[in-house]
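Below is one structure, written out as structure tokens; comments come after it.
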Amino acid sequence: MMKAILTPTFMIPNKTIFDLFNIQPENIDRAVKVLDNQYSDQEVSTVLFRQTKASMLIFDKVEVEKLNENNKKRVLLKRKDSKSVLYELKNIFDKLYELYGIDDLSRKKFALNDLLDLHHGEEISRHWENVIYPVRITFTKGRTIELIIHLN
């Protein structure tokens with residue numbers, strides 16, 4: 001059974017990705033236990049729990065998913081119908097930079113290049129793979145902000 005052991009990062013002492021979004025470790029542990037004890041012939045099994053938006057910045061739901069093919073588990077934070085959230089997106093990018101440092105493509109805080117990428121394309125994303133809990137955040141223009149935290 002997998003436990004969500006929360007350990008500090010290097011950039012902000014005693015803070016984790018879960019602290020950043022006020023996600024209670026007990027909620028993750030409970031969801032993982034449910035997923036481990038259920039059988040599903042679906043590709044992905046999901047447990048959904050809600051917290052207040054204020055506690056999770058702009059996200060409106062938290063899902064814990066298990067990919068049944070390889071037993072990988074992840075936490076998924078989502079917000080749909082995200083048309084005018086650029087300022088909040090910038091805050092999240094900046095907080096992730098403060099927590100983890102430069103991302104895997106050597107980018108720092110939200111910058112003009114991010115705006116240009118969004119202007120010329122349909123989405124922008126950042127990822128940090130070489131951390132305790134690998135993270136990917138993606139914003140699809142006018143539709144969805146999705147943050148994935150890999151647990152194993």
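Reckoned from all heavy atoms, side chains included, excluding hydrogens, waters and symmetry mates.
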About how many Å separate [atom2] of [Y] and [atom1] of [X], when rounded to the nearest 0.5 Å?
X: Ile92; Y: Ile145; atom1: CD1; atom2: CD1; result: 5.5 Å
X: Ile137; Y: Leu89; atom1: CD1; atom2: CG; result: 5.5 Å
X: Leu115; Y: His119; atom1: CG; atom2: NE2; result: 10.0 Å
X: Ser45; Y: Asn71; atom1: OG; atom2: CG; result: 9.5 Å

Mind checking whether [X] and [Y] have side chains closer than 4.5 Å, heavy atoms only?
X: Val75; Y: Phe18; result: yes
X: Leu20; Y: Leu96; result: yes
X: Phe21; Y: Thr16; result: no
X: Glu146; Y: Ile148; result: yes
X: Leu77; Y: Ile23; result: yes
X: Arg74; Y: Val64; result: no
X: Val32; Y: Lys73; result: yes

Asp104 meets the side chain to side chain donor-acceptor pair (under 3.5 Å) criterion, sequence neighbours left out, with His127
Residue list, side chain to side chain donor-acceptor pair (under 3.5 Å) with His150, at least two apart or on another chain: none
Mind checking salt bridge (Lys or Arg N to Asp or Glu O under 4.0 Å) for [X] and listing every partner two or more places apart, or none if nothing turns up?
X: Lys108; value: none
X: Lys109; value: Glu98
X: Glu123; value: none
X: Arg126; value: Asp103, Asp114

Between Trp128 and Tyr133 (side chain of the first, backbone of the second, donor and acceptor by atom type, cut-off under 3.5 Å), is there such a pair? no
Test side chain to side chain contact (heavy atoms under 4.5 Å, CB included) applied to [X] - qualifying residues, sequence neighbours left out:
X: Asn70; value: Leu67, Lys72
X: Leu118; value: Leu86, Ile124, Phe139, Lys141
X: Glu63; value: Thr46, Leu48, Lys61, Glu65, Leu76

Are Tyr97 and Phe110 an aromatic pair, judged by ring center distance below 6.0 Å? no
Passes salt bridge (Lys or Arg N to Asp or Glu O under 4.0 Å), Lys90 versus Asp94? Steps please. CA-CA 6 Å; Lys90 177 204 176 305; Asp94 292 353; 2.4 Å; yes
Please check if atom CD in Glu129 has more than 12 non-hydrogen atoms from other residues, nucleotides or ligands closer than 6.0 Å. yes
Heavy atoms from other residues, nucleotides or ligands near CD of Glu69 exceed 12 (cutoff 6.0 Å): no
Any chain of hydrophobic side-chain contacts (each under 4.5 Å) joining Val62 to Val44? no
